[in-house]
2 protein chains.
Amino acid sequence: MTSHIHCQNCSMATLCLPYQLSPEQTEKLDTIIQRHRPLQKRDVLIHSGEPLKFLYAVRSGSLKSYTLDGQGGEQIIDFHLPGDLIGFDGLIDGQYRSYTQALETTMLCEIPIQSLDQLSAELPGLRKQLLRVMSGELHASKTLLGNLNHHTAQQRLANFLVTLSSRFQQRGLSSREFRLSMTRADIGNYLGLSVETISRLLTQLQQQGLLTVQNKLVAINEPERLRALAA
Amino acid sequence: MTSHIHCQNCSMATLCLPYQLSPEQTEKLDTIIQRHRPLQKRDVLIHSGEPLKFLYAVRSGSLKSYTLDGQGGEQIIDFHLPGDLIGFDGLIDGQYRSYTQALETTMLCEIPIQSLDQLSAELPGLRKQLLRVMSGELHASKTLLGNLNHHTAQQRLANFLVTLSSRFQQRGLSSREFRLSMTRADIGNYLGLSVETISRLLTQLQQQGLLTVQNKLVAINEPERLRALAA
DNA sequence: CGTCGCGTTGAATCGCGTCAACTTCGGTGG
DNA sequence: CCACCGAAGTTGACGCGATTCAACGCGACG
């Protein structure tokens, strides 16, 4: 058993850096990537302000990223699922810009920034993919912004669920039924709503027959109507 | 007079791509950059969905970027000032992802994506700067998200003014006194507030002696207290 | 001089947050 | 294995901040 892992066998490869790299190129990428020790629930992977040495790729599990406001309150800015890359917003000044914490047992790959930079000089495909991933994050972030502004609590939650559903689908999981690894409070924080509102809305959507909610398990019964609410 | 411009003489160079490039490297960058025809107020530079051929750098003036929701309503996601680069969120799939419209007479540089990609293979500094600029946008966007969520109308507006003020300062302009090239409606749209609320808040901040507002002209009398409100 | 876009101000309404009480879940130790 | 305890989630009553609707002022421009 080695501490190396192999992008070639990784089910998340199509979402992650090796996307559109040739087998030989992927092999090169492989040489700089290490497996990170597994995280347990509530373990903190990244502390804001630390020097940026690695990007992380999620292999399994999930995490949340947040900043702290003046009074020490969390501001959740992202949830990370398998295939996601973490750390891009720190490239600007070589420091991580947020805290990142595991929501459940989580496996990660560790990608040294410096090696990545050197390697991307050789591989135009990798360079493009780096830009593509960042561009995607940027777009997602700006879309989210538009989705929070100008939208009611119901629209926000519906949109959150629809987005989550499609992210699970991209990862080869069910888009109809999934587990919310974050708490209601996390969801509320992320959407700028109170816990109580989240709870009430979930009950309400269930009463309307759109969802079936059982603790952390959500089943979307009527994707169409839910998507319509998210508009 | 040539259609070429020169990054060497551009006052925005420190904010833009040539940042930290050597004179020779900047010269190379120069060869691929063209001046774009000036835009008049309300001219639309970019239509969402068009193929991405250029990044644009703002030389003077200002613009807003927005998406359209289902009912054709604008969702303003960004204001662009001199030195800003426009178009990054489209790299993911080779299409512009939003509309971009001039708020006043505006001068731009036009940077062909393809040449930029080729050139960045040669110049590690350019590659780094590209990532830095995107990372900065990403960070700004996530910060903004945190600033809208969980904040009152007053906090949002105060934060908007403080951010704008520091952006003007970075550009060598006064941080105390500046002109809002966007309408109140634009500001409200951007912050997720109604026009009326923006108007009321500006009056209120003026009555408290923090600001002096005269149509589009804003003077910040008490930067400290304003920053405190933005918390 | 009239029109149109933009901005301001007032009054009524409502969505969501806050506070509080209670229930359920999940982990821990006896 | 069950009892216990704290964390997480639910539900109801109430209040406030921001939206909405409406009227009006003002400057730019034909």
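What you see below is based on every heavy atom in this structure, not just the backbone, and it leaves out hydrogens, waters and symmetry mates. Each chain gets a letter, A, B and so on, in the order its sequence line appears, and its residues count up from 1.
B:R156 comes within contact range of no nucleotide atom at all, as no heavy-atom separation falls under 4.0 Å. The residue B:N215 sits apart from the nucleic acid: no heavy atom pair falls under 4.0 Å. Residue contacts shown for A:T183 are limited to sugar-phosphate atoms, with no base heavy atom under 4.0 Å away. Residue A:K216 is classed as a sugar-phosphate contact, given heavy-atom separations below 4.0 Å to backbone atoms only.
Considering only side-chain N and O atoms, B:S199 lies nowhere under 4.0 angstrom from the phosphate OP1 or OP2 of C:dT9.
With rounding to whole Å, B:H150 atom NE2 is found 17 Å from D:dG17 atom C1'. Going from atom CD of B:Q204 over to atom C1' of C:dT9 covers 13 Å, rounded to whole Å. A straight line from CZ of B:R184 to P of D:dG25 spans 19 Å, rounded to a whole angstrom. In this structure, CD of B:Q206 is placed 9 Å from P of C:dT8, rounded to the nearest angstrom. When the P atom of D:dA8 is taken as reference, atom CG of A:L202 falls 16 Å away, rounded to whole Å. Distance CD1 (A:I187) to P (D:dG9): 8 Å, rounded to an integer number of Å.
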**Asked** Where do B:R59 and B:D84 land on the salt bridge (charged side-chain N to carboxylate O under 4.0 Å, His left out) test, with the steps shown first?
**Response** CA-CA 8 Å; B:R59 286 172 60 78; B:D84 288 344; over 6 Å; no
**Asked** Stepwise, does the side-chain hydrogen bond (donor to acceptor under 3.5 Å, both in side chains) test hold for B:S62 with B:E104?
**Response** CA-CA 6 Å; B:S62 57; B:E104 58 193 316; 2.5 Å; yes
**Prompt:** Under the side-chain hydrogen bond (donor to acceptor under 3.5 Å, both in side chains) criterion, do A:H139 and B:D93 qualify, and how do the steps go?
**Reply:** CA-CA 11 Å; A:H139 183 243; B:D93 61 354; over 6 Å; no
**Request:** Verify salt bridge (charged side-chain N to carboxylate O under 4.0 Å, His left out) between B:K142 and A:E137, making sure each step is shown before the conclusion.
**Result:** CA-CA 10 Å; B:K142 296 201 168 182; A:E137 282 218 23; 3.4 Å; yes
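Positionally, the nearest nucleotide of DNA chain C for B:R42 lies more toward the 5' end than for the other of B:T203 and B:R42.
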**Request:** List the protein contact pattern of nucleotides 10-19 of chain C with one symbol per nucleotide (5' to 3'): B for base contact, S for sugar-phosphate-only contact, - for none; contact means a heavy-atom distance under 4.0 Å.
**Result:** BB----SSBB
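For the helix from C:dC1-D:dG30 to C:dG30-D:dC1, the rotation axes defined at the first and last 5 base pairs enclose an angle of 40°, given to the nearest 10°.
Ring geometry for B:Y99 versus B:Y66: interplanar angle under 30°, hence parallel rather than tilted (30 to 60°).
The shortest distance between side-chain heavy atoms of B:L229 and B:L205 falls below 4.5 Å.
Of all heavy-atom pairs spanning A:R171 and A:L81, the tightest one is NE-CB, 3.5 Å.
The residues A:E196 and A:R184 are annotated as not salt-bridged, no charged nitrogen and carboxylate oxygen being separated by less than 4.0 angstrom.
Judged by distance alone, the side chains of A:H80 and A:S65 do bring a donor and an acceptor atom under 3.5 Å apart.
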